[in-house]
Student: 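Below is the structure I would like to discuss, written out as structure tokens.
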Amino acid sequence: MNDSVTYETFIKKLSQYELTSALTKISQLSCLLEQESRVVAELELSKQPGRLVCVSQWALAYISFELILHASDFSIRTITADEILILCNWYTNIEEYLDEQNGGWEHIIVRMAQEQMPFQEMGHYQFSRGYFLLKNIGANLDTGSAIDLEKAFIESLGVSIDDYYWICWAINSRAHNKKTSKFTPRFFLNHGISKLKEILTEMKLEKVITSICASPEKIKQEYADFPIRPSAGLEKYQFNLISKYPLLELTKKGVGFQNREYLILNSKSMQNKIMEGAYWVLRDHFLKQKSQAFVNYWGEIFEEYVGQILKKYYGDKNVLSLNDLFEEEKVKTADWLVDSNEEILIFECKSSLLPIDVKAVFNQEKFKKWCEDNILAGFEQLSISEDIIKKKSAIKNIDLKGKPIIKIMVTYQNLFLSSAWKTLLKIFFSNSLEWNETLSRLQEFKLMSTLDLELFENLSSEYALGEILSKTENNPQTNFQVLCGELAKGKLGNSLLENVKNDFWRPFLENVSGTKNGDR
């Protein structure tokens, strides 16, 4: 089925529907997919048996956002279930226009990855990773850049990091209600779970909800003031404010907080907010003060996290800090050196995030600048470290002779489609003389995400990491996680992140299981 439409036709259709009921029905479909653990599904049109339509969480989120911008509560037309499915099909087939300004396939790849792939992340690992970095490493890392994250979080939001997570998870529970994803705060305040008595207070609940919700009017105004807009023909890649405000406030002014009505606009957007929200609270808190303190400290936290993972895989004595080893070299080196028996691995950790206008509109100059500052600069750090290592025969009882040296960059942000990144770099820097030599050596280094590294745990004692990365790089039909899944026969996982998740939920589950039915 191919019903190609223009963006203008798509918006004209949306403007016909009554806003609140349309958002409510789309929210219910989003929550239904979440209940069935599906991000994408093929659903049948009720009036055309046998005709299937591809429905995705990112399409539903996009449609909801455009409805808020263009629909009206003054319209009397109520959207039907079939019309929602047709709109999902239209979303997939909105015509895209490529010209000299918009670029070619490489632009679309980055836009599409940032628009769609986050909805397909492993949510429970996203949560466990973010929580562990903030509450474990961030709270205990002893460096000159260390900051009190808990104190800063409370100063910014008025609740603790733990309270923020607990309250967000409580709100997210409405996405698993089979009847409605609407709620009033009163619903969460009338409970008998003692674990949550001191957490789900009216004051704390209001602070958290206020930080993640907006009215339709607020979203419209913020979008009107948003300085970044995609080129004509690429509107579907615009920044979606639902990722910032997954809750919509439906009640007009004058209603007391406990009785205000809210709607979870998209279940995956709500989950993504839980996974990343605490990070952004802290990041924005310091950026408002024109301070890079948190961004700098986060880089150290992430570096330490990667080091802990590597030590778990290869043993403490086989994982060395290059910053400590080569301090006297007076050059910027990579972060970790690993002796994995078959090979020597050098790791450089990059925690920097792609700028928002690269994700939304693919600002080519900012993309190139980010690549220079992170990917290419990181490669230079790896190359410098390799040169130093080659001059030595051994480092702290590690025999370096006869082993291949594999240079690996690990990015905190999942860039997605990592196999295409070297091609992108070659395209954007092929005319840059200063990077000509670097580009010719791109094949020498590997790029992987944090999740890639985490999911390698069950294979780390049996397979060489460099070998698997090379196989996926040379085979466009697969990727690192798919190949690891095949080698592990589907048994991929990370024990650290599983333990973090279990430890977080254990007090609540023990409390509920020990609560009398009448007290729940």
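The figures here come from the full heavy-atom set of this structure, side chains too, leaving out hydrogens, waters and symmetry mates. Along the sequence shown, the residues carry numbers beginning at 1.
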Student: In this structure, is the centre-to-centre distance between the rings of Tyr305 and Tyr412 below 6.0 Å?
Tutor: no
Student: I'd like to know if Asp284 and Lys288 make a salt bridge, using a cut-off of under 4.0 Å between side-chain N and carboxylate O.
Tutor: no
Student: When you measure from the side chain of Asn296 to the backbone of Gln292, do you find a donor-acceptor pair of N or O atoms at a distance under 3.5 Å?
Tutor: yes
Student: Backbone N or O of Asn414 within a donor-acceptor pair of the Thr411 side chain at under 3.5 Å?
Tutor: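 Checking the backbone N and O of Asn414 against the side chain of Thr411, no donor-acceptor pair under 3.5 Å is found.
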Student: So do Ile167 and Phe188 actually touch side chain to side chain, heavy atoms under 4.5 Å?
Tutor: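 The answer is no, as the side chains (C-beta and beyond) never meet within the 4.5 Å cut-off.
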Student: Taking Asn374 for the side chain and Trp370 for the main chain, is one N or O donor matched with an acceptor at less than 3.5 Å?
Tutor: yes
Student: Give me the atom names and distance for the closest heavy-atom approach of Ile209 to Pro185.
Tutor: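 Smallest interatomic distance, heavy atoms only, reads CD1-CG, 4.3 Å.
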Student: Taking Tyr297 for its side chain and Gly138 for its backbone only, find out whether a donor-acceptor pair lies under 3.5 Å.
Tutor: yes
Student: When you measure from the side chain of Asn93 to the backbone N and O of Asn89, does any donor-acceptor pair fall under 3.5 Å?
Tutor: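 Between the backbone of Asn89 and the side chain of Asn93 there is a qualifying donor-acceptor contact (under 3.5 Å).
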Student: Which atom names give the shortest non-hydrogen contact between Tyr245 and Cys213, and what distance separates them?
Tutor: CD2-O, 3.4 Å
Student: Got Leu87 and Tyr17 here, is their nearest side-chain heavy-atom distance under 4.5 Å?
Tutor: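 In short, these two side chains touch, coming nearer than 4.5 Å.
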Student: So, taking the atom named CZ in Arg77 and the one named OG in Ser72, what distance separates them when rounded to the nearest 0.5 Å?
Tutor: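 Answer rounded to 0.5 Å: 14.5 Å.
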Student: Do Leu43 and Val53 have side chains that get closer than 4.5 Å, going by heavy atoms?
Tutor: no
Student: For Lys220 and Ile68, which heavy atoms make the closest approach, and how far apart are they?
Tutor: CE-O, 2.7 Å
Student: Whether the Gln271 and Gln57 side chains hold a donor-acceptor pair (N or O, under 3.5 Å, no angle test) is what I'd like checked.
Tutor: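 Gln57 and Gln271 do not have a side-chain donor-acceptor pair below 3.5 Å.
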Student: Taking the side chain as every heavy atom from C-beta outward, state whether Ile274 and Trp169 have any pair of such atoms under 4.5 Å apart.
Tutor: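 Contact flag for Ile274/Trp169 side chains = yes.
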Student: Measure the shortest side-chain to side-chain distance between Pro246 and Ile264 over non-hydrogen atoms and say whether it is less than 4.5 angstrom.
Tutor: no
Student: Nearest 0.5 angstrom please: Tyr164 OH to Ser156 OG, how far?
Tutor: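 Separation between the atoms: 10.0 Å.
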Student: So, Phe294 versus Phe153, ring centres under 6.0 angstrom or not?
Tutor: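 Not close enough - the centres of the two rings lie 6.0 Å or further apart.
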Student: If you take all heavy atoms of Ala175 and Cys31, which pair is closest and at what distance?
Tutor: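 Shortest heavy-atom separation between Ala175 and Cys31 comes out as O-CB, 3.2 Å.
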Student: So, are Glu66 and Lys236 salt-bridged, with charged N and O less than 4.0 Å apart?
Tutor: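 Judged by the 4.0 Å cut-off on N to carboxylate O distance, Glu66 and Lys236 do not form a salt bridge.
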Student: To the nearest 0.5 Å, how far apart are OG in Ser160 and CD1 in Ile154?
Tutor: 6.0 Å
Student: Under 3.5 Å, side chain of Asp452 to main-chain N/O of Met448, donor-acceptor pair present?
Tutor: no
Student: Scan side-chain atoms only and decide if Asn479 and Thr472 contain a donor-acceptor pair under the 3.5 Å cut-off.
Tutor: no
Student: Less than 3.5 Å apart, any donor N or O on the side chain of Ser4 or Glu95 sitting next to an acceptor on the other?
Tutor: yes
Student: State the NE2-CG distance between His285 and Leu157, to the nearest 0.5 angstrom.
Tutor: 10.5 Å
Student: Kindly compute the distance separating CZ (Phe10) from CD1 (Ile94), expressed to the nearest 0.5 Å.
Tutor: 4.5 Å
Student: Can you check whether Leu248 reaches Thr20 side chain to side chain, under 4.5 Å on heavy atoms?
Tutor: no
Student: May I ask you to test the Arg186-Asn259 pair for a side-chain heavy-atom distance under 4.5 Å?
Tutor: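 Of all side-chain heavy-atom pairs linking Asn259 with Arg186, at least one is under 4.5 Å.
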Student: Assess whether a salt bridge exists between Glu249 and Lys218, defined as any Lys/Arg side-chain N lying under 4.0 Å from an Asp/Glu carboxylate O.
Tutor: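 Judged by the 4.0 Å cut-off on N to carboxylate O distance, Glu249 and Lys218 do not form a salt bridge.
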Student: Under 6.0 Å from the ring centre and within 45 degrees of the ring axis: does the NZ or CZ of Arg174 meet both conditions for the six-membered ring of Phe187?
Tutor: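 Yes, Arg174 sits over the ring of Phe187.
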Student: Counting N and O atoms only, with roles assigned by atom type, does the side chain of Glu83 sit under 3.5 Å from a partner on the main chain of Thr80, one being a donor and the other an acceptor?
Tutor: yes
Student: Counting the benzene-type ring for Trp, do Phe127 and Tyr165 have ring centres under 6.0 Å apart?
Tutor: yes
Student: What are the two closest non-hydrogen atoms of Ala71 and Leu14, and how far apart are they?
Tutor: CB-O, 3.6 Å
Student: Using 4.0 Å as the upper bound for N to carboxylate O, is an ion pair formed by Lys207 and Asp163?
Tutor: no
Student: Look up atom CD1 in Ile161 and atom OH in Tyr279, then write down how far apart they are to the nearest 0.5 Å.
Tutor: 13.5 Å
Student: Do Asn494 and Glu498 have side-chain N/O donor and acceptor atoms under 3.5 Å apart?
Tutor: no
Student: When you compare the side chain of Glu34 with that of Met270, does any pair of heavy atoms fall below 4.5 Å?
Tutor: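 No, too far: nothing below the 4.5 Å cut-off.
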Student: Once you measure the plane-to-plane angle for Phe456 and Phe480, does it fall in the parallel (<30°), tilted (30-60°) or perpendicular (>60°) bin?
Tutor: tilted
Student: Thr24 and Ser27: side-chain donor and acceptor closer than 3.5 Å?
Tutor: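 Absent: no donor and acceptor within the cut-off.
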Student: Test your reading of the model: is there a side-chain donor-acceptor pair from Ser30 to the backbone of Ile26, 3.5 Å cut-off?
Tutor: no
Student: Using the side-chain contact (heavy atoms from CB on, under 4.5 Å) definition, which of the options Asn266, Val55, Val39 pairs with Leu33?
Tutor: Val55
Student: Distance-only, no hydrogens or angles: does the Gln16 side chain make a donor-acceptor pair with backbone N or O of Ser75 under 3.5 Å?
Tutor: no
Student: Between Tyr131 and Asn136, do the side chains contain a donor N or O and an acceptor N or O under 3.5 Å apart?
Tutor: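 No, no side-chain donor-acceptor pair sits under 3.5 Å.
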Student: With no hydrogens and no angle check, is any side-chain donor or acceptor of Ser64 less than 3.5 Å from a backbone partner on Leu60?
Tutor: yes
Student: Salt-bridged, Glu198 to Lys204, with N to O below 4.0 Å?
Tutor: no
Student: Please check if the distance between the ring centroids of Trp166 and Phe504 is under 6.0 Å.
Tutor: yes
